[in-house]
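These notes concern the structure reproduced below.
Given the structure is predicted, the values throughout are model-derived calculations rather than measurements.
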Amino acid sequence: MKTILLRLIHYLISLGEFLRYLILFLPAQTISVYKKSSASIANIQSDSKKLKKLPAHLGFLVVEDEFSFKDLANMIVWSVALGISYISVYDINGEIKRNSVLLQQNIDASKEEVMGTNKNGYDIQLYSSPASVSQPVNSGSSKVHHANVYLLCIEDSHRKIVDMSRHLSNMVNLGMFKLEDISPSNVDTLFQESLQFPDPELCIKFGSVDSLFGYLPWQIRLTEIISLPSHKGIIYKSFLSSLVHYGNINQRFGK
């Protein structure tokens with residue numbers, strides 16, 4: 001009897017997830033002001049103005065065994081065209097990071113297709129390590145939109161926490177910090193200073209496994225997480241639906 005009940009619960013949860021995908025992400029269900037399917041720069045910029053809110057930092061978490069660098073590149077270019085300046089792409093084993101050259105080639109091709117003659121107005125920089133960032137985003141009065149894309153894996157998440165623990169321990173030993181000074185807000189500030197990007201406000205997870213696999217464990221306390229079945233073959237309208245859904249979320253932040 002217990003086994004039957006557990007199976008029934010499992011089936012109900014699976015059915016709920018399937019219906020959620022149908023409601024949120026089928027093109028036919030997208031609200032009327034987002035009916036465009038073309039991913040041209042003009043349409044994307046028009047859609048950006050209609051979004052209720054846009055994340056400053058958008059994370060892509062890929063928990064699939066295979067990767068489509070063309071589709072990853074398309075989502076990065078769409079994000080930048082919408083006005084997002086910080087993007088992180090995470091897979092646990094660092095396969096995407098190791099193929100950064102291939103990803104860059106696909107980004108260049110996607111920029112040519114989506115932005116056309118406007119491609120020079122968008123500068124997309126890939127970083128395999130957050131510490132290697134040398135150019136601030138959108139500094140000065142330049143008309144070029146700068147966007148930083150961070151390629152992350154499990155080593156970045158675990159190592160950063162270990163390094164931060166050692167740093168705080170050394171500061172206490174040197175008398176620069178007191179134990180009572182180590183608070184969540186202080187640690188949060190140190191993390192942001194060391195990582196060179198704000199906490200992700202939205203993370204889109206691709207894959208059927210319900211796990212974050214170590215994606216920025218400290219920084220995602222307030223992150224909205226949206227799950228999609230796969231990044232392979234994703235179309236602009238489905239990607240935009242995720243941003244529309246994010247904009248409609250009422251974030252109470254524990255209140």
Side-chain angles (χ1 to χ4, degrees), residues 12-64 71-72 74-90 114 137-138 145 147-150 188 192 197-213 215-255:
L12 289 174
I13 293 174
S14 299
L15 178 61
E17 285 294 299
F18 175 72
L19 292 175
R20 186 170 68 89
Y21 289 137
L22 287 180
I23 293 171
L24 295 177
F25 302 113
L26 273 184
Q29 298 298 324
T30 307
I31 58 179
S32 59
V33 295
Y34 298 99
K35 285 185 177 179
K36 305 181 187 71
S37 60
S38 174
S40 68
I41 184 63
N43 286 342
I44 294 176
Q45 289 178 338
S46 176
D47 290 334
S48 178
K49 296 176 182 178
K50 297 170 185 174
L51 291 171
K52 293 182 180 180
K53 58 183 176 181
L54 200 64
H57 176 181
L58 171 61
F60 297 124
L61 168 60
V62 185
V63 296
E64 300 177 84
D71 291 313
L72 288 171
N74 284 341
M75 289 191 293
I76 290 171
V77 171
W78 297 337
S79 300
V80 175
L82 284 169
I84 298 173
S85 297
Y86 297 93
I87 302 165
S88 58
V89 185
Y90 180 96
V114 173
V137 172
N138 294 337
H145 178 79
N148 290 347
V149 180
Y150 305 90
D188 186 59
Q192 290 197 5
F197 56 68
D199 293 347
E201 295 165 314
L202 171 63
C203 173
I204 303 178
K205 180 183 73 67
F206 300 98
S208 59
V209 181
D210 290 327
S211 173
L212 299 181
F213 284 95
Y215 170 72
L216 298 177
W218 179 267
Q219 291 82 10
I220 59 171
R221 304 183 308 282
L222 302 177
T223 302
E224 295 293 338
I225 299 172
I226 294 176
S227 297
L228 292 178
S230 177
H231 73 289
K232 296 188 288 290
I234 189 170
I235 62 174
Y236 170 66
K237 188 174 291 186
S238 294
F239 171 77
L240 182 63
S241 294
S242 299
L243 274 297
V244 174
H245 178 58
Y246 167 73
N248 291 329
I249 293 174
N250 183 16
Q251 295 173 293
R252 299 180 181 275
F253 301 110
K255 297 180 181 179

Requested in this report: Let me see the working for Y246 and L58 under side chain to side chain contact (heavy atoms under 4.5 Å, CB included), right down to the final yes or no.
Outcome: CA-CA 11 Å; Y246 167 73; L58 171 61; over 6 Å; no
Query raised in the report: Given I235 and N74, is the side chain to side chain contact (heavy atoms under 4.5 Å, CB included) satisfied, shown in steps?
Result: CA-CA 9 Å; I235 62 174; N74 284 341; over 6 Å; no
Report task. Please name all residues satisfying side chain to side chain contact (heavy atoms under 4.5 Å, CB included) with Q45, sequence neighbours left out, ordered by chain then number. Result -> I41, Y122
Report task. Kindly say whether M75 contributes a backbone atom to a donor-acceptor pair with the side chain of S79 at under 3.5 angstrom? Result -> yes
**Report entry** Short side-chain to backbone donor-acceptor contact, S48 and I44, under 3.5 Å
**Finding:** no
Query raised in the report: For the side chain of Y90 and the backbone of L212, is there at least one donor-acceptor N/O pair under 3.5 Å apart?
Result: no
**Report entry** Residues D47 and Y236: side-chain donor-acceptor under 3.5 angstrom
**Finding:** yes
Report task. For K232, enumerate each residue passing the salt bridge (Lys or Arg N to Asp or Glu O under 4.0 Å) test, keeping only those at least two apart in sequence or located in another chain. Result -> E64
Report summary line: Residues pairing under salt bridge (Lys or Arg N to Asp or Glu O under 4.0 Å) where one sits in residues 76-87, two or more places apart or in two chains, turn out to be none
Requested in this report: Quick one: do T223 and L202 satisfy side chain to side chain contact (heavy atoms under 4.5 Å, CB included)? Show the steps, please.
Outcome: CA-CA 5 Å; T223 302; L202 171 63; 5.6 Å; no
Report task. Find the distance between CG (L228) and CZ (F60) and round it off to the nearest 0.5 Å. Result -> 10.0 Å
Report task. Determine, step by step, whether F206 and D71 satisfy the side chain to side chain contact (heavy atoms under 4.5 Å, CB included) criterion, reporting the C-alpha distance in whole Å, the side-chain angles of both residues, the deciding distance to 0.1 Å, and the verdict. Result -> CA-CA 12 Å; F206 300 98; D71 291 313; over 6 Å; no
